[in-house]
Amino acid sequence: VKVKIPFGNKCLDAIFSVPEKKPTYGVILTHGAGGDMNFPHLVSLATCLASHGVLCLRFTCKGLNVAYRTKAFKAVVEYLKLSDGYKLSGVFLAGRSMGSRAAASVIRQLSQDDDDDGFIQGLVCLSYPLHRPKLQSKLRDEDLLLISCPVLFVSGSTDEMCEKQLLEGVVSKMKAPTKIHWIDKANHGMAVKGRTTNDVVEEINAQVFSWLRENVQLQHK
């Protein structure tokens, strides 16, 4: 279902992937610095989640400025929260690369507001860009360290923007419950020599869905 989401004096293009049964939970998903919501990995993940009963709303925001992307993500969260068509118990924010930075930033901002009502259940970071290539001294971890909801990282073990030991070091300092799933020998774009894109994407999708399921169950026991 295609929708236009108001954002300032513009609109963001977005698509709902809707499960057959009425969903209780949703995932809001966005792309990295390049591309848009039709990036094949995101389409595949959205389809997989909807087939397992999770509503997925993915959107395009072309800005290359993280603050701007964060504002756009916030507008989408508000839109879904107030939507009459889907009454959800909660959502998970998810993004690829720069999109995951924006998602982390939204969660930090909303958790610092007084009106944090538990609507946001967790964060999924696909290829989180912890640092620029070859610039390991400047970590983009400020939002991560202030988040308290559960976080899943899915990263390539040879990602040039997320060195393995550095991410593990950041995670050890985070107060949130975290899980890292390393895609063996994958780079920032999740390409692995000798494996098909579909094969890698299926591994990512399975990890994301099983983590979502664990976290929803944990909170409702």
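Small disclaimer: the values here were computed from a predicted structure and weren't measured.
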Hey, could you give me the [atom1]/[atom2] distance between [X] and [Y], rounded to the nearest 0.5 Å?
X	Y	atom1	atom2	value
Leu29	Cys56	CG	SG	4.5 Å
Gln109	Leu146	CD	CG	11.0 Å
Asn215	Gln121	CG	CD	8.5 Å
His41	Met190	NE2	CE	8.0 Å
Met37	Thr60	CE	OG1	4.0 Å
Leu49	Leu212	CG	CG	6.0 Å

Between Val124 and Leu45, is the side-chain contact (heavy atoms from CB on, under 4.5 Å) condition met? List the steps.
CA-CA 12 Å; Val124 177; Leu45 178 57; 5.7 Å; no

Close side-chain approach of [X] to [Y], heavy-atom, < 4.5 Å:
X	Y	answer
Asp13	Lys2	no
Met174	Asp141	no
Leu57	Ile5	yes
Val170	Leu145	yes
Glu163	His131	yes
Val27	Phe209	no
Thr30	Arg69	yes

Under 3.5 Å, is there a donor-acceptor pair between the side chain of [X] and the main chain of [Y]?
X	Y	value
Ser44	Pro40	no
Ser83	Tyr79	no
Arg101	Pro129	no
Thr70	Val106	no

Would you please test Leu55 and Val18 for side-chain contact (heavy atoms from CB on, under 4.5 Å) and show each step?
CA-CA 5 Å; Leu55 179 77; Val18 186; 4.0 Å; yes

Side-chain donor-acceptor pairs under 3.5 Å in residues 147-159, sequence neighbours left out?
{"residue": "Ser157", "atom": "OG", "partner": "Lys185", "partner atom": "N", "Å": "2.7"}
{"residue": "Thr158", "atom": "OG1", "partner": "Lys185", "partner atom": "O", "Å": "3.4"}
{"residue": "Thr158", "atom": "OG1", "partner": "Ala186", "partner atom": "O", "Å": "2.8"}
{"residue": "Asp159", "atom": "OD1", "partner": "Met161", "partner atom": "N", "Å": "2.7"}
{"residue": "Asp159", "atom": "OD1", "partner": "His188", "partner atom": "ND1", "Å": "3.0"}
{"residue": "Asp159", "atom": "OD2", "partner": "His188", "partner atom": "ND1", "Å": "2.9"}

Taking [atom1] in [X] as the centre, count heavy atoms belonging to other residues, nucleotides or ligands within less than 6.0 Å. Is the count above 12?
X	atom1	result
Lys175	NZ	yes
Glu20	CD	no
Lys193	NZ	no

Let me see the working for Leu167 and Trp182 under side-chain contact (heavy atoms from CB on, under 4.5 Å), right down to the final yes or no.
CA-CA 11 Å; Leu167 182 61; Trp182 294 107; 3.8 Å; yes

Closest heavy-atom pair and its distance - [X], [Y]:
X	Y	result
Pro23	Leu88	O-CD2, 3.7 Å
Ala103	Phe73	CB-CE1, 3.6 Å
Lys179	Gln207	NZ-OE1, 3.4 Å
Ser100	Tyr128	OG-CD1, 3.2 Å
Arg195	Asp199	NE-OD2, 2.9 Å
Ser89	Phe119	O-CD1, 4.3 Å

Any link between [X] and [Y] through a network of hydrophobic side chains (Ile, Leu, Val, Met, Phe, Trp, Tyr) touching at under 4.5 Å?
X	Y	value
Ile15	Tyr25	no
Tyr86	Val3	yes
Ile107	Val66	no
Met98	Tyr68	no
Val43	Ile204	no

Centres of the His31 and Phe39 rings: under 6.0 Å?
no

The test is side-chain contact (heavy atoms from CB on, under 4.5 Å); show your working for Leu93 and Ile120 and say whether it passes.
CA-CA 7 Å; Leu93 304 192; Ile120 294 177; 3.9 Å; yes

